[in-house]
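Here the structure is laid out as structure tokens; the discussion comes afterwards.
Below, each value reflects all heavy atoms present in this structure, side chains not excepted, and no hydrogens, waters or symmetry copies. FYI, the numbering just counts along the sequence from 1.
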Amino acid sequence: MAFPTEFATKVATTTTRARVAAAARTNRPPRHAALGRTRASILACALTLATSACERPARPRPVGADSAAPAASTDPAPTARTPGGTERPVERPFVTFTDVAVESGLAGRILHAGRKDPQDWVLETIGGGASAFDYDGDGDMDLLLVDGDRLDGRCEPVGEADARTRLWRNDGGMRFTDVSEAARIDVRGYGLGCAAADYDGDGYADIAIAGYRFLRLLRSRGDGTFDDVTSAAGLPVSTLDTSTSCAWGDLDGDGLADLFVTNYADQYAEAREIERAGLPPRSCVSRDRVVYCGPMGLPVGRNRVYFQRPDHSFEDRTATHLVSAEGSYSFQAVMSDLDNDGDLDVYVTNDGRPNFLYVNDGHGRLTDRAVECGAAADEMCKAQASMGVDVADYDRDGRLDLFVTNFSDDRNTLYRNVAGRCARLTFEDVTARTGISVRPQGRLCWGTKLVDFDNDTTLDTFISCGHVYPESEHLPGEHTTNLQRPLLIRGLGPPAFRFEDVTDRGGAAFRSERLWRGAAFADFDDDGDWDVLATAMRDPPALFRNDGGSRRAWVRLDLRGRAPLTCAAGARATFHLTDGTRIVEELHVGSSYGGSNDPRLLVGIGDVDVVPRIEVRWPDGTRSVLENVPARTAVVVRQPAR
């Protein structure tokens with residue numbers, strides 16, 4: 001998030017005066033301000049661009065030796081002749097979305113996060129995410145919505161009775177029932193992120209919830225109820241961290257799911273400093289307006305990694321296994337095998353500072369190599385204010401790419417995984433070339449996923465949008481609004497793999513202006529296409545039902561890993577289609593913004609009747625092969641015994 005840097009306060013403490021003075025010396029937005037490590041990182045980025053030509057392959061790139069995918073098709077787009085004899089592109093039908101939140105039962109619940117006006121703390125502008133998962137084992141996707149209590153003048157939760165994280169059971173037909181009390185879920189305070197996975201291998205999904213000064217681990221009892229086992233599992237019940245997201249995956253290859261938790265600015269330390277100085281919470285000034293402070297100038301947070309032991313307790317190995325892990329303002333983490341070496345790496349979005357790319361050495365030691373790999377900043381070596389992230393193979397070459405959402409008046413960034421000739425992992429910013437980012441970009445973007453909405457084998461994306469700084473739309477030179485519409489971007493496929501903005505064609509649901517935040521993606525009605533649950537601050541969530549996506553064929557895989565890693569996080573499936581197309585999908589538990597998506601791999605296969613071959617690579621390297629899978633089929637795939 002980019003927030004005011006023209007800070008002028010009356011804080012009496014020397015530390016805060018120095019920080020405020022440093023922030024006030026620049027007139028640039030904070031996402032452009034590079035302080036400390038940021039300056040060094042951007043300089044390194046520039047030097048990398050200037051000197052590492054061998055790591056920046058010529059375009060178009062060849063298929064890497066580590067990829068089995070064929071070169072992109074060069075067939076022209078379908079055309080038709082007009083009465084005058086000229087050719088024009090054939091307009092393929094796309095999908096529309098209908099907000100069915102009212103019918104679903106979700107619309108009656110207004111999220112408490114951000115209800116106070118004016119907002120005193122940067123934390124109050126962030127908002128919570130959501131997770132889609134099957135909590136009761138009935139085969140459909142249920143919902144966990146993370147909420148946040150209001151904060152008082154000391155940055156403490158006020159204890160509103162209805163402000164709590166809630167579990168919604170999917171009753172079928174796009175209808176949901178709040179079962180929070182029956183499930184014994186009672187998580188209060190200012191919640192932010194969550195991710196659901198069966199961490200203990202008993203076959204039932206468990207839940208990790210991150211928030212302001214707390215972390216919770218809820219273990220499923222297998223009967224639809226949960227126990228809070230945070231303390232028993234060795235995790236900190238009460239912390240000073242502002243934890244924003246969780247991600248699950250086996251980082252050290254021992255067959256147990258580990259937990260990565262991102263942390264944002266140290267809001268608690270800032271609140272205590274302001275309190276000691278006897279100042280009101282809104283203690284910063286931008287363009288003659290009194291505003292909340294942050295994030296630049298606030299103490300940074302530090303991400304944490306918890307490794308699971310065989311007894312299903314956890315050990316904090318941040319100090320030993322996050323190499324060069326300096327603090328930042330982190331939002332979302334995603335675990336993915338980005339370098340195709342068989343272990344999970346971790347990508348983290350940061351607000352106003354270079355993003356992190358923790359490359360795994362195969363034993364769980366994670367070293368930040370984002371700068372040298374080209375994934376820390378944009379193509380101009382400018383650190384952005386990044387919120388959401390997804391990992392997917394958008395150009396169907398067998399390598400997983402990164403898509404990052406950013407602050408307003410900037411671009412959302414698509415990093416193409418080009419493997420590299422001198423380094424195993426290199427990314428290239430292809431945002432401008434692909435047209436994936438809407439310009440001018442007045443939208444402040446959060447939750448997202450690269451997903452095939454119309455099942456034509458080409459990835460599209462939905463992006464939730466909403467500002468954090470209401471004053472910005474009233475200031476000269478600002479080209480944004482506070483309430484915003486979500487974005488719908490359509491993928492156009494080979495040979496260029498470009499994108500177009502089709503928001504205006506997405507249906508009435510895309511005319512709703514709110515403070516959109518999280519987005520969880522799932523086939524909630526099990527009809528063979530992707531739907532979207534979007535959270536909004538001060539408003540109920542929206543449930544965007546996909547109408548038309550299942551006109552084309554699909555196959556859905558429900559991957560069941562071998563215990564204890566039954567969640568199969570990091571498993572990868574390759575679909576070999578009859579026309580030579582190869583579609584690679586990887587299972588991530590934790591992505592978008594503040595949440596996790598349907599763990600079932602739903603893949604659009606166009607107009608074919610059968611998929612000749614599907615290969616599944618499990619997290620431990622074992623493989624499964626399915627042959628001649630009929631279209632419109634949901635398949636449970638169980639990992640074979642050793």
Side-chain angles (χ1 to χ4, degrees), residues 69 131-134 139-141 195-198 205 247-249 334-337 344 390-394 396 398-401 403 449-462 491 520-532 546 549-550 552-562 565-577 581-592 595-606 608 610-619 622-627 629-640:
S131 284
F133 70 109
D134 182 8
D140 55 23
M141 291 297 106
D198 175 21
W248 291 99
V334 58
M335 293 189 188
S336 173
D337 184 9
L344 291 177
D390 190 39
V391 175
D393 179 19
Y394 88 94
R396 302 310 192 195
R399 292 185 289 266
L400 297 176
D401 312 294
F403 181 57
K449 180 175 174 59
L450 289 167
V451 61
D452 186 1
F453 282 124
D454 60 349
N455 289 342
D456 68 346
T457 76
T458 300
L459 296 182
D460 318 294
T461 188
F462 170 101
F521 298 76
D523 185 4
F524 288 113
D525 52 2
D526 287 326
D527 66 346
D529 54 34
W530 288 92
D531 312 299
V532 185
N546 185 334
S550 57
R552 293 188 178 91
W554 50 273
V555 169
R556 186 172 64 222
L557 300 185
D558 186 353
L559 302 182
R560 309 284 181 89
R562 187 173 54 241
L565 196 64
T566 61
C567 68
R572 186 178 294 190
T574 302
F575 290 68
H576 301 257
L577 304 188
T581 300
R582 296 189 183 182
I583 300 174
V584 175
E585 292 287 338
E586 190 178 63
L587 198 165
H588 308 129
V589 185
S591 63
S592 184
S596 58
N597 303 311
D598 191 334
R600 304 170 300 180
L601 301 182
L602 175 60
V603 174
I605 57 173
V608 304
V610 65
V611 179
R613 184 179 178 88
I614 302 174
E615 300 173 358
V616 178
R617 189 191 76 183
W618 299 93
T622 60
R623 296 179 183 268
S624 299
V625 176
L626 291 75
E627 295 185 337
V629 179
R632 304 181 185 277
T633 302
V635 183
V636 174
V637 186
R638 300 185 185 277
Q639 184 177 5

Using every non-hydrogen atom in the two residues, find where Trp618 and Arg638 come nearest and quote the distance to one decimal. CZ2-C, 3.7 Å

Please report the interatomic distance CG(Asp337) to CZ(Arg572), rounded to the nearest 0.5 Å. 5.0 Å

dist Tyr394:OH -> Thr461:OG1 (nearest 0.5 Å) comes out at 13.5 Å

If you apply the rule side-chain contact (heavy atoms from CB on, under 4.5 Å), what do you find for Val589 with Phe133, and how did you get there? CA-CA 10 Å; Val589 185; Phe133 70 109; over 6 Å; no

Those residues at least two apart in sequence (or on a different chain) that pass ring pair (Phe, Tyr, Trp, His ring centres under 6.0 Å) with Phe575 are none

When you measure from the side chain of Trp248 to the backbone of Ala195, do you find a donor-acceptor pair of N or O atoms at a distance under 3.5 Å? yes

Start with the C-alpha distance between Val625 and Arg613, add both sets of side-chain angles, then the distance that settles side-chain contact (heavy atoms from CB on, under 4.5 Å), and finish with yes or no. CA-CA 7 Å; Val625 176; Arg613 184 179 178 88; 3.5 Å; yes

Can you find a pair of side-chain heavy atoms, one from Gln639 and one from Leu565, that are under 4.5 Å apart? no

Using the test side-chain contact (heavy atoms from CB on, under 4.5 Å), find all partners of Pro630 that sit at least two apart in sequence or belong to another chain. Thr633

For a quick test of reading the model, state the closest non-hydrogen atom pair linking Ile605 to Thr457 and the distance between them. C-CG2, 3.7 Å

Heavy-atom side-chain proximity of Val555 to Val603 below 4.5 angstrom: no

Distance from Thr574 atom OG1 to Glu586 atom CD, nearest 0.5 Å? 10.0 Å

For Ser596, does its backbone N or O pair with a side-chain atom of Ser131 as donor and acceptor, under 3.5 Å? yes

Thinking salt bridges, do Arg556 and Asp526 make one under a 4.0 Å N-O criterion? yes

Rounded at 0.5 Å granularity, tell me how far CG in Asp460 sits from OG1 in Thr458. 7.5 Å

Salt bridge check: are Asp452 and Arg552 linked by an N-O gap of less than 4.0 Å? no

For the atom pair CG (Asp401) and CG (Asp393), what is the distance rounded to the nearest 0.5 Å? 5.5 Å

What pair of heavy atoms forms the shortest contact from Gly549 to Asn546, and how long is it? N-OD1, 3.1 Å

Quick check: closest heavy atoms across Asn597 and Ser591, and the distance to 0.1 Å? ND2-OG, 3.3 Å

Quick check: closest heavy atoms across Ala132 and Ala522, and the distance to 0.1 Å? CB-CB, 3.8 Å

Under a 3.5 Å distance rule, please check whether Asp558 uses its side chain to pair with a backbone N or O of Val636 as donor and acceptor. no

Would you mind checking if Asp198 and Arg560 are paired as a salt bridge, meaning a charged N to carboxylate O distance below 4.0 Å? no

Which atom names give the shortest non-hydrogen contact between Ala571 and Leu559, and what distance separates them? CB-CD1, 3.8 Å

Would you give the length of the straight line joining atom CG of Asp140 to atom CG of Asp134, rounded to the nearest 0.5 angstrom? 6.0 Å

Are any side-chain N or O atoms of Asp598 and backbone N or O atoms of Asp523, one a donor and one an acceptor, separated by less than 3.5 Å? yes

Parallel, tilted or perpendicular, judged at 30° and 60°: which one describes the rings of Phe521 and Phe453? tilted

